[in-house]
Protein chains: 2
Amino acid sequence: MKAEAQALKGHLDVLLLAALEGGPRHGYAVKEALREGSGGRFDLPTGTVYPALHRLEGAGLIAGSWSVVDGRRRRTYTLTAAGERRLHAERGTWHEFAAAVTALLEPGPWPATS
Amino acid sequence: MKAEAQALKGHLDVLLLAALEGGPRHGYAVKEALREGSGGRFDLPTGTVYPALHRLEGAGLIAGSWSVVDGRRRRTYTLTAAGERRLHAERGTWHEFAAAVTALLEPGPWPATS
DNA sequence: GCGCCATAGGTAGTAAACCTAGCTATGGGC
DNA sequence: GCCCATAGCTAGGTTTACTACCTATGGCGC
């Protein structure tokens, strides 16, 4: 079993929102941006990215629109106002969460062993 | 639906292992240590903690043994050598993962929007 | 011309893991 | 007598990411 295969659980959505913060992108570009921006660590299969984008679209956090470039249809996603609010909130949540986990992983801080 | 309900996905195991690093504990004590050590942030239901401990025991990362205190049976868990190795490895993984996510969440570092 | 690859989009089905809701049991406080 | 904290457990549901597929275009090598 792959070690960090499912490590993103629960944190993928924020990353997708953050990827759209700099401007609209189509799905494949989001996937590539995530891969490049993470130094290859988050090289997600399309079967992970597309359903996730559909989820976010269904939740009204991003808005998708079809366009045709060179006869090929592309679905371009844009961050909505709700998505921007969510992104800000989730950023804060992430920092708190990460700080808590990091603190707990430091050897020592645990309440005394009964 | 609760916002950060499933935020621990994939990171719970490390925290449980870390909780046992300071010495053996029984399940309920692990849950309480996690709650207190995180300032109440990780107040996990027993239905989350016990199955997770069973999982870790099945994987040979912790060892459980029954004891009786005041006529009440308690299952005390101890970190195994394999568990200790895993904990060390996962600590590194966590730091890398957290750094990558934090970097991606900073506004800006994304490859140019096509 | 034909096959292959990168790009671009997608779905179906599986597996993991965390949660909700319930259960049993003891000892102490109201 | 009843409820709560402690202590342990299970069943079932939901979410979510993954694997494995499919479609389609345009460019490249042969």
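By the side-chain contact (heavy atoms from CB on, under 4.5 Å) test, A/Arg86 is found to be paired with A/Leu17, A/Leu61, A/Glu90, residues two or more places apart in sequence or in another chain being considered. With sequence neighbours left out, A/Thr46 forms a side-chain contact (heavy atoms from CB on, under 4.5 Å) with A/Lys31, A/Tyr50. Scored by the side-chain contact (heavy atoms from CB on, under 4.5 Å) test, A/Arg73 finds A/Trp66 as partners (sequence neighbours excluded).
Between B/Tyr50 and the phosphate of D/dC9, there is no side-chain N or O to OP1/OP2 separation shorter than 4.0 Å. Between D/dC18 and A/Thr48, a contact under 4.0 Å exists linking OP1 or OP2 to a side-chain N or O.
Note: NZ (A/Lys9) to P (C/dT14) measures 16 Å, nearest angstrom. Note: CG (B/Leu44) to P (C/dC18) measures 9 Å, nearest angstrom.
Residue A/His95 qualifies as enclosed at atom NE2: its count of foreign heavy atoms under 6.0 Å is above 12.
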Please list, for nucleotides 3-6 of chain D, all pairs of protein and nucleotide N/O atoms separated by less than 3.5 Å.
from	atom 1	to	atom 2	distance (Å)
D/dT6	O2	B/Arg72	NH2	2.5

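Across the interface with DNA chain C, nearest-nucleotide mapping of B/Pro51 and A/Trp66 shows A/Trp66 to be the residue nearer the 5′ end.
Residue B/Gly47 is classed as a base contact, given a heavy-atom separation below 4.0 Å to a base.
Side-chain contact between A/His11 and B/Phe97: present, with at least one pair of heavy atoms (C-beta onward) separated by less than 4.5 Å.
Residue pairs that meet the salt bridge (charged side-chain N to carboxylate O under 4.0 Å, His left out) test with at least one member in residues 53-62 of chain A, sequence neighbours left out, are A/Asp13-A/Arg55, A/Glu57-A/Arg75.
Near DNA chain D, meaning a heavy atom under 4.0 Å away, the residues from residues 52-62 of chain A are A/Arg55.
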